[in-house]
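These figures come from a predicted structure and were not determined experimentally.
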Amino acid sequence: MLSYDQATLRRRASFLSAVTLAHLSDLHLPLAGLPSLKEIRFKRVLSLLSWQLRRKHIHLPQTLTCVVKDIRHHNPDMVAMTGDLTNLGLLSEFQAAQAWLSAQDLPPTLLVPGNHDALIRGQAQTKTDLWAPWLRSMENGISLLQHGPVVLIGLNSAIPTAPFLASGCVAPHALEALRPLLSQMGKEGLCRVVLLHHPPVRGLVPRRKGLRQCTQLQQLLREEGAELILHGHSHKASLTFLPETRIPVLGTPSASHCAQLSSRSAGWNAISIQAAKDTWDITVQRRALCMDYKMHDGPSYRFMPHRLSRAMSL
């Protein structure tokens, strides 16, 4: 059994060590097969047409292979995956994605689903069970993954919507559970990284693709705090801040998008988080696929938010 002094030294060492994250999103794995007659829905037909006419030509498996290989080379402590592994939300796609995830040998991963993963109601529990090792869902609709002083907090914003819509919504019970969770983690001196598919700020995606209760979530985050927010859905590299705060909100391109425009070429966010005496030292290095099909460094950012609690001061 560790003595008090040994336990204190170990705790402080874990805080002094940098925790590294890999953030990727919108993988859009190749279509595993066509929907059966029972699975045909109007919205699925629209998505299938989109895949056949456009998406399958820009979401390429070789591109995703480059991105994942680059992530493994950087050897992060955790992986944050912000949704849209599928295209039509078919059970066969969930099964194929399960096989793909199992084969990647990634570090501990937290996955939140995207709008394509929730395209149509039906077989929800079966699909959830297939991805359970990565969804890590709790009964209150919030999922957690922690390494040292850094905790990933997953919010599910993916819901079935009407044709031509791709909006999201975090369930009221999840928002209710999020408030005390953020508060307690802040008091414990943890670095809180919130994940969801839909961006929690307006203007990054069209209104028909936006987060429905964006205002309520923003207010909650302003009141309880968070150190970083990660999202997907926009298929673009972006950095903004939660309104009226200095909480960074990071988006990332689709991890399978072919190398074209620099803001949309496949990539991922390499994030390092380290505790200092009174602040968190958060650095973000964008990794982007260039036309030579090699991964290169993109823009980098540094944030030093104040640690909200003195309870774990070094």
Worksheet item: Counting N and O atoms only, with roles assigned by atom type, does the side chain of Lys209 sit under 3.5 Å from a partner on the main chain of Leu165, one being a donor and the other an acceptor?
Response: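 The answer is no, because no donor-acceptor pair under 3.5 Å joins these two groups.
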Under 3.5 Å side-chain donor-acceptor pair for [X] and [Y]:
X	Y	value
Ser254	His59	yes
Ser25	His231	no
Arg212	Ser167	yes
His235	Asp26	yes
His233	Asn115	yes

Worksheet item: Is Asp105 paired with Arg72 through a side-chain N to carboxylate O contact shorter than 4.0 Å?
Response: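 No, Arg72 and Asp105 are not salt-bridged.
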Practice prompt. Using a strict cut-off of less than 4.0 Å between a Lys/Arg side-chain nitrogen and an Asp/Glu carboxylate oxygen, indicate whether Arg302 and Asp281 qualify as a salt bridge.
Written response: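 Yes, Arg302 and Asp281 are salt-bridged.
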Practice prompt. Could you check Arg202 against Thr215 for side-chain hydrogen bond (donor to acceptor under 3.5 Å, both in side chains), going step by step and ending with a plain yes or no?
Written response: CA-CA 9 Å; Arg202 303 188 192 282; Thr215 301; 2.9 Å; yes
Item to complete: For Gln219, check side chain to side chain donor-acceptor pair (under 3.5 Å) against everything at least two apart and list the hits.
Response: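 Side chain to side chain donor-acceptor pair (under 3.5 Å) list for Gln219, sorted by chain: Arg222, Glu223.
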Discussion item. I need the Ile229 CD1 to Gln218 CD distance, nearest 0.5 Å.
Written reply: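 If I round to the nearest 0.5 Å, the distance is 8.5 Å.
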Item to complete: Could you grab the distance from atom CD of Glu224 to atom CE of Met185, nearest 0.5 Å is fine?
Response: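 If I round to the nearest 0.5 Å, the distance is 12.5 Å.
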Worksheet item: Ser143 and Leu135: which non-hydrogen atoms are nearest, and at how many Å?
Response: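 What the structure gives for the nearest pair is CB-O, 3.1 Å.
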